Student: 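Provided herewith is a single structure, encoded as structure tokens, for subsequent inquiry.
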Amino acid sequence: MDFSVLNEALVSKSFNKIADICDNLMLQVAAEGVPFRDEWPFAIHLLGHIYIDDINSARFLWKSIPPAIKESQPEVVAAWKIGQKLWTRDYAGVYEAIRGFDWTQQTQVLVAAFSELYTKRMFELLQSAYSTISIQDAAQFLGMSEEDASNYVLGQGWTVDPTSRMITVMKQAIVKEQKLDPGKLQRLTEYVFHLEH
């Protein structure tokens, strides 16, 4: 079976393409009637869906994996454990699932990239949902120690009050693109022209 396209995506760190590549390869191989289950990279396939935040597809893929594969490949079970924590919105559990397994070299890069992306998503979630949050809660959402979480948010421009152990969230300035309506521009031009003459 030719996994060169998948390997290229992994090497080039095009992690957002992995789920589609795996889905297409699986459909292609299944249409040809080639038995593929034993050598299929299920862990990478699951992690590809998890990386793009497509938990439904990851869930359906998990259900289609034969029990023998689940029993013989602990990395597949570990990848799904991340998916389970995301499904139940157990934010701290996601980080525990990531750190709780000794990933192979091939999947380690993808898991590390997902962990970084997930931390960024959680930071953006905190930024949009809170004006103040305890250091303990922020650390839980970001999957870090309290000290690391404090340093991380300080680096993002937030303020930390060591006395109350609270973080004040710095809201991101919302930039709205204004769509220029040609009709409005024409009326404005005519109005200015009328005032000048």
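Heads up: numbering here begins at 1 and tracks the sequence. Atom set for the values below is all heavy atoms of this structure, side chains included, hydrogens, waters and symmetry mates excluded. Keep in mind it's a predicted model, so treat the numbers as computed, not measured.
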Student: Mind listing the closest non-hydrogen atom pair of Y91 and Y118 along with its distance?
Tutor: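 Closest pair (atom of Y91, atom of Y118, distance): CD2-OH, 3.1 Å.
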
Student: With the 4.5 Å side-chain cut-off for hydrophobic clustering, are F60 and L47 part of the same group?
Tutor: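 No.
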
Student: Is there a chain of hydrophobic side chains (I, L, V, M, F, W, Y, each step under 4.5 Å between heavy atoms) that links I69 to F3?
Tutor: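 In one cluster with I69: F3, yes.
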
Student: For a quick test of reading the model, state the closest non-hydrogen atom pair linking I167 to S134 and the distance between them.
Tutor: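 Here I167 and S134 meet closest at CD1-O, 4.4 Å.
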
Student: Do L10 and F15 have side-chain heavy atoms sitting under 4.5 Å apart?
Tutor: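 Answer yes - side chains close enough.
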
Student: Nearest 0.5 Å, what's the CD1-OG1 distance between I55 and T88?
Tutor: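 Those atoms lie 10.5 Å apart.
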
Student: Testing the basics here: between H45 and A19, what is the closest heavy-atom pair and its distance to 0.1 Å?
Tutor: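 So the two residues come closest at NE2-O, 4.1 Å.
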
Student: Looking only at heavy atoms, what is the nearest atom pair of W80 and R59, with distance?
Tutor: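 For W80 and R59, the tightest heavy-atom pair comes out as CH2-CA, 3.5 Å.
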
Student: Between D90 and Q84, is any pair of side-chain heavy atoms under 4.5 Å apart?
Tutor: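 Heavy-atom side-chain distance check fails, nothing below 4.5 Å.
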
Student: Would V160 and V153 count as a side chain to side chain contact (heavy atoms under 4.5 Å, CB included) if you check the C-alpha gap in whole Å, the side-chain angles of each, and the deciding distance to 0.1 Å?
Tutor: CA-CA 8 Å; V160 177; V153 298; 3.9 Å; yes

Student: To the nearest 0.5 Å, how far apart are OG1 in T104 and CG in L110?
Tutor: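 Reported value, rounded in 0.5 Å steps: 10.0 Å.
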
Student: Where do S64 and L61 come nearest, in terms of heavy atoms and distance?
Tutor: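 It is OG-O, 2.8 Å.
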
Student: Is the backbone N or O of S115 less than 3.5 Å from a side-chain atom of T119, with the two atoms forming a donor-acceptor pair by type?
Tutor: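 At least one qualifying donor-acceptor pair exists.
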
Student: Assess whether atom CD of E147 is packed by more than 12 heavy atoms of other residues, nucleotides or ligands within 6.0 Å.
Tutor: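 No.
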
Student: Which heavy-atom pair separates T168 from W158 by the least distance, and what is that distance?
Tutor: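 Closest heavy-atom pair between T168 and W158: O-CB, 3.4 Å.
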
Student: Using atom types as modelled and distance alone, determine if a side-chain donor or acceptor of K81 lies under 3.5 Å from a backbone N or O of G93.
Tutor: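 No: the side chain of K81 does not pair with the backbone of G93.
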
Student: Please check if the number of heavy atoms outside K120 that lie under 6.0 Å from its NZ is greater than 12.
Tutor: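 Atom NZ in K120 is not packed in, count stays at 12 or less.
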
Student: Strictly by modelled atom types, are Q140 and Q136 linked by a side-chain donor-acceptor pair under 3.5 Å?
Tutor: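 Note: Q140 and Q136 side chains miss the donor-acceptor criterion.
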
Student: Please determine whether side chain to side chain contact (heavy atoms under 4.5 Å, CB included) holds for the pair N16 and I18, giving the CA-CA distance in whole Å, both sets of side-chain angles, and the decisive distance to 0.1 Å.
Tutor: CA-CA 6 Å; N16 55 342; I18 288 176; over 6 Å; no

Student: Quick one: do F42 and E75 satisfy side chain to side chain contact (heavy atoms under 4.5 Å, CB included)? Show the steps, please.
Tutor: CA-CA 9 Å; F42 284 109; E75 192 168 54; over 6 Å; no

Student: Hey, could you give me the CG/CD1 distance between L126 and I133, rounded to the nearest 0.5 Å?
Tutor: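 The CG atom of L126 sits 4.5 Å away from the CD1 atom of I133.
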
Student: With a 4.5 Å cut-off on side-chain heavy atoms, are M122 and L125 touching?
Tutor: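 SC-SC contact between L125 and M122 confirmed.
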
Student: Under the ring-ring contact (aromatic ring centres under 6.0 Å, His included) rule, collect the residues that match up with Y152, sequence neighbours excluded.
Tutor: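 In terms of ring-ring contact (aromatic ring centres under 6.0 Å, His included), with neighbours along the sequence ignored, Y152 is linked to F123.
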
Student: Would you say CD of E116 has more than 12 non-hydrogen atoms from neighbouring residues, nucleotides or ligands within 6.0 angstrom?
Tutor: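 No, because the 6.0 Å sphere around CD of E116 holds 12 heavy atoms or fewer from other groups.
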
Student: Establish whether M166 and I135 are linked, either directly or via other cluster members, by ILVMFWY side-chain heavy-atom contacts under 4.5 Å.
Tutor: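 Unlinked, M166 and I135 end up in two clusters.
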
Student: Does the Q127 side chain pair with the main chain of V169, one donor and one acceptor, at a distance under 3.5 Å?
Tutor: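 No; zero donor-acceptor contacts below 3.5 Å.
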
Student: Is there a continuous path of hydrophobic side-chain contacts, each under 4.5 Å between heavy atoms, that joins I98 to V109?
Tutor: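 Per the 4.5 Å side-chain linkage, I98 and V109 are co-clustered.
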
Student: Quick one: CG on D161 to OG1 on T132, what's the gap to the nearest 0.5 Å?
Tutor: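 Answer for the CG-OG1 pair, D161 versus T132, is 10.5 Å.
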
Student: Would a distance-only check, ignoring hydrogens and angles, find a side-chain to backbone donor-acceptor pair under 3.5 Å from W103 to A79?
Tutor: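 Flag not set: sc W103 to bb A79 has no pair under 3.5 Å.
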
Student: When rounded to the nearest 0.5 angstrom, what distance separates CG in L25 from CG in L27?
Tutor: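 It comes to 9.5 Å.
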
Student: Taking atom CD of Q156 as the centre, does the number of heavy atoms from other residues, nucleotides or ligands within less than 6.0 Å exceed 12?
Tutor: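 Atom CD in Q156 is packed in, count exceeds 12.
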
Student: List the steps, then state whether side chain to side chain contact (heavy atoms under 4.5 Å, CB included) holds for I65 with L46.
Tutor: CA-CA 10 Å; I65 298 173; L46 279 168; 4.1 Å; yes

Student: Working to the nearest 0.5 Å, report the span between CG of N24 and CD of Q28.
Tutor: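 Result: 8.5 Å between the selected atoms.
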
